[in-house]
Visitor: 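Below is one structure. I have some questions about it.
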Amino acid sequence: MAFQQIQQETPILKYPEDFGLHPNVSLENAANMLFRAIQTSQNQPYTWTFIDKPQEGQIYLLFMPNPAQPLNDGIRWQDQENRYTMPVQRGTRELEVAEVKYGFIPNSQDTAAWRMRRRYRLHKGGHPQLVLVHYSRVPPIQIVPSLLNNPVRHYPLRQITDPPIYVMGDRAGHKVFPHPAGPHQGGMPQVGMNPQAMITQQNSNMEALERRRERERTRDGSGGVGVGQRPGPPRLDDDESADESEMLSTRTLAIARYRRNHELMEEVFRHAAFDSKKPLSSKRIYEGFDKAELEAKIIKLQDDVRALQAKAAERQARKVAADDVIVTASGHAPMELTT
C-alpha cells in the first residue's frame, strides 16, 4: 500500500498469554474467543507492546479504545483494509471483520506479497474494544519495486517501561508494578525474577510489616495508654486503595484489608461489651425465685392431678354400670370363658 507513511506511534495493549500459531481461524472460533476474553480480561492485566513482523498463524488479543485506528505491525500492505460484519452463533452476536491482503516485510526475505491480516471484534453481543488479530497467507502477488525496501516504522523500536494495566472490571485503570514501592517494603526484586517469586517476596514483606505492627501495638498497650488515646494501627484507607493496589498483589491487599476490618470490629464490640458503667449482676439464674412459693405451686398441682384422677375413675365406673344395664335388658347373660 503506497500510502502507508512512517509516523510516531504509541504501543498497544496486548493480552499477555501466547495463543500459539494457528493457520486458520473460523468466524465461530473468533467469536467464542472474544466472548471468553470478556471474563478473563477482568482478572488479567494487559501489557504495553509493539506488534512487529508477526509470524504466519500468529494470534493476538488486543484492547483498542478506538478499534478503527490503524494498526502498525511492521508489515507493508499493498491493499486497502476492508470491513464487513457477519452474524455468528445463530444470529445472537454480530462479528466485525477488518481484512487486509498482500502484505510483506520490507528489507526481509519476503520476495512476494503473501501475508493477510484479519481483525475480529464483537460489534454486537460482546465487548467492542476487544480485538482479535490473526495473520495468515493468501496467494502471493508481486511486490511493487518502489516499496521493497521502504519500511513502515522507525527502528529500533523504543523500549517500553509502562507497567501492565487492567482494562476492564472493578480494577479497570489500575496499574500493576513489578515490585512494591516504598521504604517499608523491604528489598527490591532482582532483575529477571519471575512473577511467582515476586509475589512471594511481596507476601513475606507484608507479613514482616504485620509482625512489626503487632509488636508496636503490644508495646503501646503495656505502657498503660488508654484505649481512647492509643493511636490506631496503620491501615489501608479507602482513598489509598488505588495506589496500594498498584504496588501490592491481590492476596496481600486482601489479607491487609481482612485484618483491618477485624480490628475495627474488635474495637466496636469491645466498647459495646465492656464500656458500660453498670456492674454486671453476679446472681445465679435460680436465685430470683421464692422457694416457698414454688412448693405451694407444687402442692396445688398435685391436688389438681388427684382430682382429675378421681373424676376419671368415676367416669369409668359409670361406663361399666351402663354396659351391665344394656346386657341385662337384651336377655343374654354375659359370655364366660371356661377352661
Visitor: Working note: Arg318 + Glu314, criterion salt bridge (charged side-chain N to carboxylate O under 4.0 Å, His left out); need CA distance, chi angles, decisive distance, verdict.
Guide: CA-CA 6 Å; Arg318 286 200 302 268; Glu314 182 181 354; 3.1 Å; yes

Visitor: Quick check: are there more than 12 heavy atoms from other residues, nucleotides or ligands sitting under 6.0 Å from CZ of Phe19?
Guide: yes

Visitor: Taking atom OH of Tyr258 as the centre, does the number of heavy atoms from other residues, nucleotides or ligands within less than 6.0 Å exceed 12?
Guide: no

Visitor: Given side chains that start at C-beta, do those of Pro11 and Ile160 come closer than 4.5 Å, heavy atoms only?
Guide: yes

Visitor: Taking atom CD of Gln142 as the centre, does the number of heavy atoms from other residues, nucleotides or ligands within less than 6.0 Å exceed 12?
Guide: no

Visitor: Applying a strict under-4.5 Å side-chain criterion to I, L, V, M, F, W and Y, I'd like to know whether Phe63 and Ile59 cluster together.
Guide: yes

Visitor: Check whether Tyr102 forms a cation-pi arrangement with Arg115 (NZ or CZ under 6.0 Å from the six-membered ring centre, at most 45° off the ring normal).
Guide: no

Visitor: Do Pro45 and Ile165 have side chains that get closer than 4.5 Å, going by heavy atoms?
Guide: no

Visitor: Please list, chain by chain and in numerical order, all residues satisfying side-chain hydrogen bond (donor to acceptor under 3.5 Å, both in side chains) with Ser41, sequence neighbours excluded.
Guide: Tyr46

Visitor: Hey, are the side chains of Leu34 and Leu95 touching, using non-hydrogen atoms and a 4.5 Å cut-off?
Guide: yes

Visitor: Can you confirm whether Gln69 is buried at CD, in the sense that more than 12 heavy atoms of other residues, nucleotides or ligands lie under 6.0 Å from that atom?
Guide: yes

Visitor: Is the NZ or CZ atom of Lys53 both under 6.0 Å from the centre of the six-membered ring of Tyr155 and within 45° of that ring's axis?
Guide: yes

Visitor: If you draw the axis of the six-membered ring of Phe104, does the NZ or CZ of Arg76 fall within 45° of it and under 6.0 Å from the ring centre?
Guide: no

Visitor: Are Asp52 and Arg153 ion-paired here, with the side-chain N under 4.0 Å from a carboxylate O?
Guide: yes

Visitor: Could you tell me if the side chain of Asn29 sits less than 4.5 Å from the side chain of Asn24, heavy atoms only?
Guide: no

Visitor: Among pairs that include at least one residue of residues 34-45, which meet salt bridge (charged side-chain N to carboxylate O under 4.0 Å, His left out), considering only residues two or more places apart or in two chains?
Guide: none

Visitor: If the test is side chain to side chain donor-acceptor pair (under 3.5 Å), which one of Glu99, His134, Glu81 qualifies with Arg117?
Guide: Glu81

Visitor: Taking it one step at a time, do Leu122 and Glu94 satisfy side-chain contact (heavy atoms from CB on, under 4.5 Å)?
Guide: CA-CA 6 Å; Leu122 286 173; Glu94 190 172 288; over 6 Å; no

Visitor: Are Ile75 and Pro54 side-chain neighbours, meaning at least one heavy-atom pair lies under 4.5 Å?
Guide: yes

Visitor: Can you find a pair of side-chain heavy atoms, one from Leu61 and one from Glu17, that are under 4.5 Å apart?
Guide: no

Visitor: Could you state whether Tyr15 and Met33 fall into the same hydrophobic cluster, counting links through intermediate Ile, Leu, Val, Met, Phe, Trp or Tyr residues with side-chain heavy atoms under 4.5 angstrom apart?
Guide: yes

Visitor: If you apply the rule side chain to side chain donor-acceptor pair (under 3.5 Å), what do you find for Asn43 with Tyr166, and how did you get there?
Guide: CA-CA 8 Å; Asn43 304 314; Tyr166 288 96; over 6 Å; no

Visitor: Can a donor-acceptor pair be found, under 3.5 Å and without considering hydrogens, that links the side chain of Asp18 to the backbone of Gly20?
Guide: yes

Visitor: Answer yes or no: is there a donor N or O on one side and an acceptor on the other, between the side chain of Asn82 and the main chain of Ala98, under 3.5 Å?
Guide: no

Visitor: What are the two closest heavy atoms between Val88 and Ala31, and how far apart are they?
Guide: CG2-CB, 3.7 Å

Visitor: Do Ile12 and Thr10 have side chains that approach each other closer than 4.5 Å (heavy atoms only, starting at C-beta)?
Guide: no

Visitor: Is the shortest distance from a Lys or Arg side-chain nitrogen in Arg306 or Asp303 to a carboxylate oxygen in the other one below 4.0 Å?
Guide: yes

Visitor: Quick one: closest heavy-atom pair of Gly125 and Arg93, and the distance?
Guide: O-NE, 2.9 Å

Visitor: Please confirm whether the backbone N or O of Ile105 pairs with a side-chain atom of Asp110, one donor and one acceptor, at under 3.5 Å?
Guide: yes

Visitor: Please determine whether the number of non-hydrogen atoms from other residues, nucleotides or ligands lying under 6.0 Å from atom CG of Asp304 exceeds 12.
Guide: yes

Visitor: What pairs of residues pass the side-chain hydrogen bond (donor to acceptor under 3.5 Å, both in side chains) test when at least one of them lies in residues 122-132, not counting sequence neighbours?
Guide: none

Visitor: Is it true that Glu295 and Lys297 make a salt bridge, defined as a side-chain N closer than 4.0 Å to a carboxylate O?
Guide: no

Visitor: Once you round to the nearest 0.5 Å, how far does CD1 of Ile143 lie from CG of Asn150?
Guide: 12.0 Å

Visitor: A side-chain contact here means heavy atoms from C-beta on lying under 4.5 Å apart; do Val25 and Arg118 qualify?
Guide: no

